[in-house]
Amino acid sequence: MKKIMISVLAVAMLFSVLVGCTSQGNNEESTKDQINYASTKDIRDINPHLYSGEMAAQNMVFEGLTKNEGGEVKPALAESWKISDDGLEYTFHLREDVQFTDGEPFNAEAVKLNMDAIIDNSERHAWLDMINEIEENVVVDTYTFKLVLKHPYYPTLVELGLTRPFRFISPKCFVDGATKDTVSGYVGTGPWILSEHKENQYATFTRNEDYWGDKAKVSSVNWKVMPDPQTILLAMQNGEIDLLFGADGDQIDLESYKKLEEEEFYKTYLSDPIASRAILLNSNAPVTKDVKVREAIQYAVNKDNIITGILNNSEDKAETLMAKNVPYCDIELKTFSHNKDKANKTLDEAGWVLGSDGIREKDGLKCEITFSYNSQNAQEGTIAQSIQADLADIGIKMNILGEEKQAFLDRQKSGDFDLQYSLSWGTPYDPQSYISSWRIPAHGDYQAQVGLEKKAWLDETITKIMIEADYTKRSEMYEEVLTYINDQCVYVPISYSKTKAVSIMGLKGVTFNDSQYEISFEKMHF
Amino acid sequence: MKSYIIKRLLWMIPILVGISFFAFLLINLSPSDPAEVALRVNEVTPTEENIAQVREQLGLDKPFMTRYFSWVGSALQGEFGNSYVNNKPVAQEFARAIPATLYLAAVTLVILVVVSVTVGVFCALYEGSLGEKIIRAVLFITTAIPAFWAGILLMWIFAVKLNIFPTTGMTSPSSVVLPAITLSLGYIPTYVRLIRNNMIQNQHKNYVLYAKVRGLKQSTITKHVFKNSIQTSLTAMGMSIPKLIAGTVVIENIFAWPGVGRLCVSAIFNRDFPIIQAYILIMALLCVVCNLLVDIFVAAIDPQMGKET
């Protein structure tokens, strides 16, 4: 018996010695030529004309005629373009030195085939107005392509540069002349070639050696699937992962980000403000349909608490729904700074009387509302709790309902909510694509606005904005729309979110693209 | 024995029909509209028209019973339809995930059997000793540790600190060690206790006393006691095989193991009905078959059982 005891002790001691000795022995960085990137999600089907794949992966392989860079539209596969005076015809001069990685030439014919294939599936792209605006795709000559529109749709160039759907896949990958169901391969013109994909395990991208632009600096990217964020952190400490990159807490939660920020082995990156985080107040729900209640909530929410206490100052406070640097959004709007007395006064004046239980009521209706959120996002729950306390202070009882994602979305679609989160889509989708989506009933924005007196006017104006050729008129209409929404207090702006990234010390050239969904691996090196 | 097996096999039919029907029914009671979800998971904005189109495509516009029978009909031929999410055949999705899960389950089972039997027998033989008490304490602690925590702890020690195993994935042969150990940790305490208690009970039985009186060697007696007490434990272990195969979600997530658990959980979150239905049916089938095999096995060891039924 003694012997056993001794051996157990010996093993335990040996073990602790080993643990003590071998930590941090894994920092080799000199000759690395592969970036190991961890994502909680598999790349899935990266058909550029569909939406089921990871956008970052689609962006590595496929390119569009234009690209959005630094808030501007820049040439990509089209070298230059000319827009007709009536804004209906866009003539693109294509680059002549581009080939798909399977050897197929990239030319006007290939552009037309792709554009036709995208329009063939127009229902899938219902979120994007532009699809319905395309009249015709014309091959002018080998390297000239003409896009004919029905109306002078103003965001055309920006939307041609989005990650999807207007990107080009080799005509050889088409199945029965189409791409809407499936494709036979993922061959594009981009800086990377998808060379191996083991579903739910990893995907390997190798450098496109014949790339027409600046070639990628490392020879390959290994996209590893790790569903658990904790594991990703451990793998990073173990030297298996070089880069974490994610929008809105997808890959990295704030706590882990802060922890890594303090450690000397890692470098952390924070993008410029990229999208708007706001709370939707449903104008079509029993209590929040009263604009005075919505206004009082604006005054009651203590944003500073949320920014410093919960978001750890990692995001900027938002006074208006759209940041001033978003196109068309640099306008003077009424702001509602935190003011409990004003909130109380607003409710008093509107006839909401404080009951004996500390909850206000009006005409027998209790001032009780529900905040529903997707329970997968713990941070949203914490923000909700902060708002709950703020509202309790002014006599509004707020219940918090954390639900599974699909249940949350069901509620969003049916409008069965009082308060919900709303995230704008970020650059380059803001403001045009985001505001366009307000007209779609499946969106929470639409449901929250449906109770507004001028909702019909709002939707009509948005439709007009998109096809207004004149910049000044367009700006005026944007101002009308944003002012109305602001005065109606449908959104409580909270913050402007930022994309976060963490890399090991040796990885250089980590930058952010305009779209928070893209990762520019090609600029990174060791 | 033969009639026993046939009888049991025949019983499987109504059980499976019942399970498949209930699986189908319950899933159809889910409040989310699968057509709408199918659009949403592909990030397509649902509209009245495209929902109607998808409903027709997926055959959701047909009456419930028609859908059930057509599903059963094709399931019998190994056809489980296509995933709503990525449109790939469900059978193919399972063919991809099942080997990983079986591999993990098999390694776990080996660890489970070896460790539980050794430790269990040790505990029975040295009942009440200090060593047994320590083991008992360790086992109680192990049972109390949640799998995800144990997994991360093991990963931190053996992958990050000691650098013996990779943290995650299924890339090298040693990848399986950590997830298998984590998975077996949840079961080992139960079986150690089970084996120990059975052995101790058996030691007090009359045949042991008789053997002692006859002057048999202690090792021979232990062998008999072991053989007699292992039966119940084996039945229990057999029953945990389908559980091992079905219930590895947490561990598969932590260790990025591309198995059935992950497939099923993401299917549940995405309301991917064909995958969920196939999962339930396959797991039910597995449970029933394992149950049967264990019973046959036990009957083979103990001829009494076969005769009784």
Side-chain angles (χ1 to χ4, degrees), chain A residues 1-2 4-5 8 15 18-26 38 40-42 44-45 50-53 55 123-128 164 181-182 198-202 224-228 230-241 376 404-407 409-410 413 437 440-443, chain B residues 30-33 36-37 39-51 53 85-88 93 96-97 100 122 126 129-131 134 148 151-152 155-164 166-171 250 252-259 262-263 265-266 268-271:
Chain A
M1 197 57 237
K2 243 186 200 161
I4 297 170
M5 286 302 297
V8 167
F15 186 70
L18 275 172
V19 172
C21 289
T22 49
S23 56
Q24 303 299 349
N26 35 42
T40 51
K41 290 179 197 137
D42 188 46
R44 308 189 296 281
D45 175 12
L50 294 179
Y51 297 89
S52 44
M55 291 173 88
E123 281 198 354
R124 275 254 153 138
H125 313 294
W127 66 278
L128 193 65
R164 53 199 186 191
D181 296 320
T182 180
K198 269 228 147 135
E199 252 176 280
N200 264 325
Q201 295 189 52
Y202 61 87
K224 294 185 184 178
V225 186
M226 299 189 177
D228 186 75
Q230 283 293 330
T231 312
I232 297 185
L233 289 183
L234 285 175
M236 193 157 192
Q237 287 177 17
N238 201 28
E240 292 170 44
I241 296 299
Q376 277 164 342
E404 194 202 325
K405 190 176 171 197
Q406 292 300 343
L409 292 172
D410 280 343
K413 197 208 148 209
S437 76
I440 299 170
H443 285 248
Chain B
S30 151
S32 296
D33 177 357
E36 196 189 311
V37 176
L39 286 165
R40 224 155 39 197
V41 289
N42 282 307
E43 293 190 32
V44 178
T45 311
T47 58
E48 295 285 327
E49 304 90 66
N50 61 16
I51 290 178
Q53 193 196 355
V85 177
N86 59 16
N87 213 17
K88 285 188 186 154
E93 294 284 293
R96 188 165 52 75
F122 173 87
Y126 295 94
S129 70
L130 183 64
I134 293 174
F148 70 91
I152 287 180
M155 198 189 290
W156 180 73
I157 296 170
F158 291 101
V160 179
K161 291 295 171 186
L162 296 176
N163 223 339
I164 304 176
T167 53
T168 54
M170 204 175 64
T171 38
V250 175
E252 283 180 11
N253 262 338
I254 293 174
F255 289 96
W257 198 260
R262 256 168 82 192
L263 182 71
V265 166
S266 63
I268 290 172
F269 279 131
N270 292 329
R271 305 281 192 276

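Each chain gets a letter, A, B and so on, in the order the sequences are listed, and its residues count up from 1.
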(message) Test your reading of the model: is there a side-chain donor-acceptor pair from Arg262(B) to the backbone of Asn200(A), 3.5 Å cut-off?
(response)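 Side chain of Arg262(B) to backbone of Asn200(A), a donor-acceptor pair under 3.5 Å: yes, one is there.
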(request) Could you tell me whether a side-chain N or O of Gln201(A) sits under 3.5 Å from a main-chain N or O of Pro258(B), the two making a donor and an acceptor? (result)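 Looks like no, no N/O pair under 3.5 Å.
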Under 4.5 Å from any heavy atom of chain B, what part of [X] do you find: side chain, backbone, both or neither?
X	result
Lys224(A)	neither
Asp45(A)	neither
Ile440(A)	side chain
Gln406(A)	both
His443(A)	side chain

(message) Can you confirm whether Ile254(B) sits close enough to Gln230(A) that some side-chain heavy atom of one is under 4.5 Å from a side-chain heavy atom of the other?
(response)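 No - every pair of side-chain heavy atoms lies 4.5 Å or more apart.
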(request) Taking the side chain as every heavy atom from C-beta outward, state whether Lys198(A) and Met170(B) have any atom pair closer than 4.5 Å. (result)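 No. Closest side-chain heavy atoms not under 4.5 Å.
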(request) Select, from Leu39(B), Leu263(B), Val37(B), the one with the greatest count of heavy-atom pairs under 4.5 Å involving chain A. (result)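 Of the options given, most contacts go to Val37(B).
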How far does [atom1] of [X] sit from [atom2] of [Y], to the nearest 0.5 angstrom?
X	Y	atom1	atom2	answer
Ile152(B)	Asp228(A)	CD1	CG	5.0 Å
Phe255(B)	Met226(A)	CZ	CE	11.5 Å
Leu409(A)	Glu36(B)	CG	CD	9.0 Å

Give me the atom names and distance for the closest heavy-atom approach of [X] to [Y].
X	Y	answer
Asn238(A)	Val160(B)	OD1-CA, 3.6 Å
Glu240(A)	Thr168(B)	OE1-N, 4.2 Å
Ala256(B)	Val225(A)	CB-O, 3.3 Å

(request) Let me know if Ile51(B) has heavy atoms under 4.5 Å from chain A in its side chain, its backbone, both or neither. (result)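 Contact with chain A: side chain only.
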(request) Could you go through the side-chain contact (heavy atoms from CB on, under 4.5 Å) check for Phe269(B) and Lys405(A) one step at a time? (result) CA-CA 7 Å; Phe269(B) 279 131; Lys405(A) 190 176 171 197; 5.8 Å; no
